[in-house]
Amino acid sequence: MPNIRVTVDGVRYDDQVEARNLLVHYLREQLGKVGTPIGCDTSNCGACTVLLDGLSAKSCSVLAVQADGHDITTIEGLAADGRWHPLQRAFHEHHALQCGYCTPGMILAAIDLLRENPDPSDEEIREGLEGNLCRCTGYANIVAAVRAAAAEIRAAAAAPAPRASADPVPSAAAAAPSVEATP
Amino acid sequence: MQVPAHFGYDRATSIDHALRLLARHGDQARVIAGGHSLIPMMKLRLAEPEALIDINGIDELRGITVSGDELLIGALTRHADLLSSAVVGEHFPVLHDAERVIADPVVRNFGTVGGSLCQADPSEDLSAAFVALGATGVIRGAAGSRTVPLREFHLGPYETAVAPDELLVEVRVPIRPGGSSAYTKVERRAGDWAVAAAGAAVWLGPDGAITDAGIGLAAVGAEHFTAPEAEEFLRGRAGDDAALVEAGKIAAQHCDPQADQRGPADYKRHLAGELTTRALRRAVARASGQEA
Ligand SMILES: Cc1cc2nc3c(=O)[nH]c(=O)nc-3n(C[C@H](O)[C@H](O)[C@H](O)COP(=O)(O)OP(=O)(O)OC[C@H]3O[C@@H](n4cnc5c(N)ncnc54)[C@H](O)[C@@H]3O)c2cc1C
Ligand code: FES
Ligand code: FES
């Protein structure tokens, strides 16, 4: 079985994976990171979205072996120093989720959107999140949450930092053991 | 949870390495680029290759450059890179129009130009855009390189001129002065494949007459994604609205749409005509400086 070395949510892993295993299965079953759900399993719904080297990717359609040498961020790696990421907070405050199944993917896709466009219009937010489907909310509150988080992130970038922010090393990720699969 | 059947996996480090791996496995191997068409097909057992040859690490397959009077697009160029490329937008707005409506931003981070063309889905948008522009594909095999006009690239649904032991390495688009282009698509919902789509490129003479035109149609059963009769009709004509409407009608007559879950055949045929006319209008407006 192929060997992969990946960084997931700030933690390095050196693992053996079956070539046919998808990245989402590796994250959920080998690393126990069940924060990334599987929806359609066919690259349509976006529930399984993670960041691969900072770019949003549908992890049900990427092989785990293809992630070798890359840096992955899941929803579980966003909170830092016990504080939620501004997007997590905004989704909470703006009631941007009901069942929550789409939320991890929605938030990671939104991070990629704000990286490219820190001040998107409502229309641009809707287009930017086109690959992420929500069956519950009707999207209006998701758009409002992304807009609010964007404003907060811009304000934080403009304000002088109170202190250098530490690397986000969430305790859950640090504690998660890497399960060695038998070849 | 869906998982593909077992396969061997090799990571190619160069074009030559990929070709050697392809030769070793024969037609039981498949190249994997973005994987966003191939992996879902493998999950559904619509494809069961014995070996996957991953070309994502081959840097020489990546990149967008201008060389002389051609734009060169590496086969491994991601949709997102084509969409964000200023030089692409400057010369070929049809490619940016098309990219904005291909899948969604997350899929566009992964899906590649070469994967799209080689997948040869009859609804594939870039094929229609590239045939309108008169682009050429560069194919490499053990015996060397050959070029195939994209108008001869698609042999049928999911079938291309690329042999099992070959790689599409690059797409070349001629940069010709005095022209512009546009793409229009109707989809049932955001991020979906086309119900029908049309790309158009026009070149205008000093008097405003159309000296040359290229039209590409997706999802409507147009042979090689082309509409040669409508192109021929436009050549030498003034680019007035009546001519553009007539060209749309001709394109609609000559395509062969099939009814499916995206709509009945006559609706698609109607769209083929209307979208051809709209793409032509926009291309003419852009070429004559009336629209960005
Ligand atoms: C949800 C969703 C929506 C989509 N919507 C659209 C849409 O609206 N319009 C549209 O046009 N497309 C759409 N697509 C397709 C998208 O553009 C894919 O990215 C594309 O079809 C395949 O590109 P890929 O790089 O992922 O190819 P892969 O899946 O890696 O490969 C596809 C095929 O091409 C072969 N191949 C790949 N690269 C090469 C090469 N260099 N040489 C030889 N063979 C090669 C592979 O062996 C395979 O047979 C959609 C895809 C998804 C998942
Ligand atoms: S589960 Fe991956 S896109 Fe739906
Ligand atoms: S909150 Fe239920 S799918 Fe979005």
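Sequence lines set the chain letters: A, B, ... in the order given, protein chains first and strands last, and positions in each chain run from 1.
B:L71 CG to B:I64 CD1: the interatomic distance, rounded to the nearest 0.5 Å, is 7.0 Å.
Only the side chain of A:L52 comes within less than 4.5 Å of a heavy atom in chain B; its backbone stays farther off. Contact annotation for B:L44: neither backbone nor side-chain heavy atoms come within less than 4.5 Å of a heavy atom of chain A. Residue B:F110 touches chain A through its side chain alone, counting heavy-atom pairs closer than 4.5 Å. For B:A103, the part lying near chain A is the backbone, with the side chain staying farther off; criterion is any non-hydrogen pair under 4.5 Å.
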Would you enumerate the inter-chain donor-acceptor pairs between chain A and chain B whose distance is below 3.5 Å?
unit_1: A:E18; atom_1: OE2; unit_2: B:H6; atom_2: ND1; d: 3.3
unit_1: A:R20; atom_1: NH1; unit_2: B:P4; atom_2: O; d: 2.9
unit_1: A:R20; atom_1: NH2; unit_2: B:H6; atom_2: NE2; d: 3.3
unit_1: A:D41; atom_1: O; unit_2: B:K43; atom_2: NZ; d: 2.6
unit_1: A:D41; atom_1: OD1; unit_2: B:K43; atom_2: NZ; d: 2.7
unit_1: A:D41; atom_1: OD2; unit_2: B:Q2; atom_2: N; d: 2.8
unit_1: A:S56; atom_1: O; unit_2: B:N109; atom_2: ND2; d: 2.9
unit_1: A:S56; atom_1: OG; unit_2: B:N109; atom_2: ND2; d: 3.0
unit_1: A:K58; atom_1: NZ; unit_2: B:D104; atom_2: OD2; d: 2.8
unit_1: A:C60; atom_1: O; unit_2: B:K43; atom_2: NZ; d: 2.7
unit_1: A:V65; atom_1: O; unit_2: B:R11; atom_2: NH2; d: 3.0
unit_1: A:D68; atom_1: OD2; unit_2: B:R11; atom_2: NH1; d: 3.2
unit_1: A:D112; atom_1: OD2; unit_2: B:N109; atom_2: ND2; d: 2.9

Show your reasoning for whether side chain to side chain contact (heavy atoms under 4.5 Å, CB included) applies to A:W84 and A:L78.
CA-CA 7 Å; A:W84 279 346; A:L78 290 186; over 6 Å; no
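The two atoms that bring B:A182 and B:V94 nearest to each other are O-CG2, 3.3 Å, heavy atoms only. Among all heavy-atom pairs drawn from B:A196 and B:V220, the shortest one is CB-CG1, 3.7 Å.
Note: A:L22 leads A:V24, A:L22, A:L108, A:L129 in heavy-atom pairs under 4.5 Å with chain B. Note on B:A190, B:G8, B:G191: by heavy-atom pairs under 4.5 Å with chain A, the leading option is B:A190.
Side-chain contact between B:L126 and B:V171 is absent, with no heavy-atom pair separated by less than 4.5 Å. Taking the side chain as every heavy atom from C-beta outward, B:I32 and A:L63 approach each other to under 4.5 Å. With contacts defined as side-chain heavy-atom distances shorter than 4.5 Å, the pair B:F130/B:L95 qualifies. Contact annotation: the side chain of B:V31 approaches that of B:L22 to within less than 4.5 Å [non-hydrogen atoms, C-beta and beyond]. Using a 4.5 Å heavy-atom threshold, the side chains of A:R147 and A:H94 count as separate.
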